[in-house]
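One-based numbering along the sequence shown. Everything numeric in this text was worked out from a predicted model, so none of it was measured.
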Amino acid sequence: MQQFDFNNKTFSLIENSEKGKVNSDTIFKYKQDGNIVTADYYGGSVKYGKIIAHLKDNELDMLYQCITTDNELKAGKAIAKISLTEDHKIKLALNWQWLNKEQETGVSEYIEN
């Protein structure tokens, strides 16, 4: 079983669905303590955001929240499938859902910098 290490890793967006708030200017800074993974994120359309996740095998079960540059509070959940690129960088493929009234869903991909 592959063991992933997110501690002190930085990620950026590869691709996002239309309803996503993150863009290529958003930076994610991860920390890890055992199977608990957290991240702060900011930049682009996000003033500040926070992720908390549970790592199990090759998945992160995530909850996230942010405040946008339009002062909109957003919260959501996601399942991130974890893989490694040929050059051993961590790649995340998320299926996410906002926890608002509309419950919009989307997909996004991130890569370790």
Side-chain angles (χ1 to χ4, degrees):
M1 181 60 57
Q2 176 70 48
Q3 181 63 33
F4 298 101
D5 180 12
F6 285 87
N7 204 39
N8 297 315
K9 302 276 175 86
T10 302
F11 286 74
S12 57
L13 180 72
I14 299 172
E15 187 177 341
N16 201 0
S17 294
E18 180 183 346
K19 294 290 183 179
K21 290 294 181 181
V22 172
N23 62 33
S24 60
D25 294 326
T26 309
I27 301 297
F28 294 78
K29 295 190 174 196
Y30 278 80
K31 298 285 186 192
Q32 182 174 347
D33 183 8
N35 64 349
I36 297 171
V37 177
T38 60
D40 292 335
Y41 61 103
Y42 50 86
S45 60
V46 175
K47 279 187 185 177
Y48 178 74
K50 189 73 174 179
I51 296 170
I52 186 165
H54 178 257
L55 174 63
K56 184 175 180 190
D57 300 327
N58 68 333
E59 283 188 354
L60 285 172
D61 188 358
M62 301 177 147
L63 292 173
Y64 53 90
Q65 58 190 359
C66 70
I67 187 163
T68 70
T69 54
D70 294 330
N71 292 315
E72 181 181 20
L73 278 171
K74 301 283 287 181
K77 63 181 180 177
I79 298 293
K81 299 282 187 189
I82 308 165
S83 62
L84 289 178
T85 65
E86 287 183 9
D87 59 350
H88 304 285
K89 299 285 186 183
I90 298 173
K91 185 176 177 183
L92 300 173
L94 275 68
N95 284 305
W96 52 261
Q97 179 177 22
W98 289 116
L99 298 178
N100 58 6
K101 186 173 77 173
E102 292 81 20
Q103 302 277 302
E104 299 110 337
T105 61
V107 295
S108 56
E109 288 189 357
Y110 302 86
I111 190 78
E112 177 186 346
N113 295 331

So, for Ser17 and Gly106, which heavy atoms are closest and what is the spacing to 0.1 Å? OG-CA, 3.4 Å

Measure the CG-CG distance between Leu73 and Asn100 for me, rounded to the nearest 0.5 Å. 12.0 Å

Only distances under 3.5 Å count here; give the side-chain donor-acceptor pairs of residues 61-68 to other protein atoms, sequence neighbours excluded, each with its distance to 0.1 Å.
unit_1: Thr68; atom_1: OG1; unit_2: Asp70; atom_2: N; d: 3.2
unit_1: Thr68; atom_1: OG1; unit_2: Glu72; atom_2: N; d: 3.1

Within the supplied structure, the quantity of interest is the number of heavy atoms (other residues, nucleotides, ligands) at a distance under 6.0 Å from Lys77 NZ; does it exceed 12? no

Connected via hydrophobic side-chain network under 4.5 Å: Ile51 and Ile36: no

State whether the number of non-hydrogen atoms from other residues, nucleotides or ligands found under 6.0 Å of Lys47 atom NZ is greater than 12. yes

If every non-hydrogen atom of Leu94 is compared with every non-hydrogen atom of Ala78, which pair is closest and at what distance? CD2-CB, 3.9 Å

Least distance between heavy atoms, Thr69 atom then Val46 atom: CG2-N, 4.2 Å

With side chains defined as the heavy atoms from C-beta onward, is the minimum distance between Lys31 and Asn8 less than 4.5 Å? yes

Can you see which heavy atom on Phe4 is nearest to which on Leu55, and at what distance? O-CD2, 4.0 Å

Check whether Val37 and Ile79 end up in the same hydrophobic cluster, where Ile, Leu, Val, Met, Phe, Trp and Tyr are linked by side-chain heavy atoms less than 4.5 Å apart. no

Salt-bridge criterion met for Lys81 and Glu59 (N-O under 4.0 Å): yes

Less than 4.5 Å apart, any side-chain heavy atom of Leu92 and any of Glu109? no

Answer yes or no: is there a side-chain heavy-atom contact under 4.5 Å between Asn35 and Lys56? no

Under 3.5 Å, side-chain donor or acceptor atoms of residues 22-29 against the rest of the protein: list the pairs with distances, not counting sequence neighbours.
unit_1: Asn23; atom_1: OD1; unit_2: Asp25; atom_2: N; d: 2.9
unit_1: Thr26; atom_1: OG1; unit_2: Asn23; atom_2: N; d: 3.2
unit_1: Thr26; atom_1: OG1; unit_2: Asn23; atom_2: O; d: 3.3
unit_1: Thr26; atom_1: OG1; unit_2: Gly43; atom_2: O; d: 3.0
unit_1: Lys29; atom_1: NZ; unit_2: Tyr42; atom_2: OH; d: 3.3

I need the Tyr30 OH to Thr38 OG1 distance, nearest 0.5 Å. 9.5 Å

Nearest 0.5 Å please: distance from the NZ atom of Lys74 over to the CD atom of Glu104. 5.5 Å

Hey, what do you get for CD1 (Ile90) to CZ (Phe6), rounding to the nearest 0.5 Å? 4.5 Å

Could you check if a side-chain atom of Asn16 sits within less than 4.5 angstrom of a side-chain atom of Lys21, using non-hydrogen atoms only? no

If only side-chain N and O atoms count, and only distance matters, is there a donor-acceptor pair under 3.5 Å linking Asn113 with Ser12? yes

To the nearest 0.5 Å, what is the distance between CG (Leu60) and CD1 (Ile52)? 11.5 Å

Contact between Thr105 and Asn95 at the side-chain level, heavy atoms closer than 4.5 Å - yes or no? no

Could you measure the distance from the CG atom of Asp5 to the CD atom of Glu112? Nearest 0.5 Å is fine. 9.0 Å

Short question: side chain of Gln32, backbone of Gly34 - any donor-acceptor pair under 3.5 Å? yes

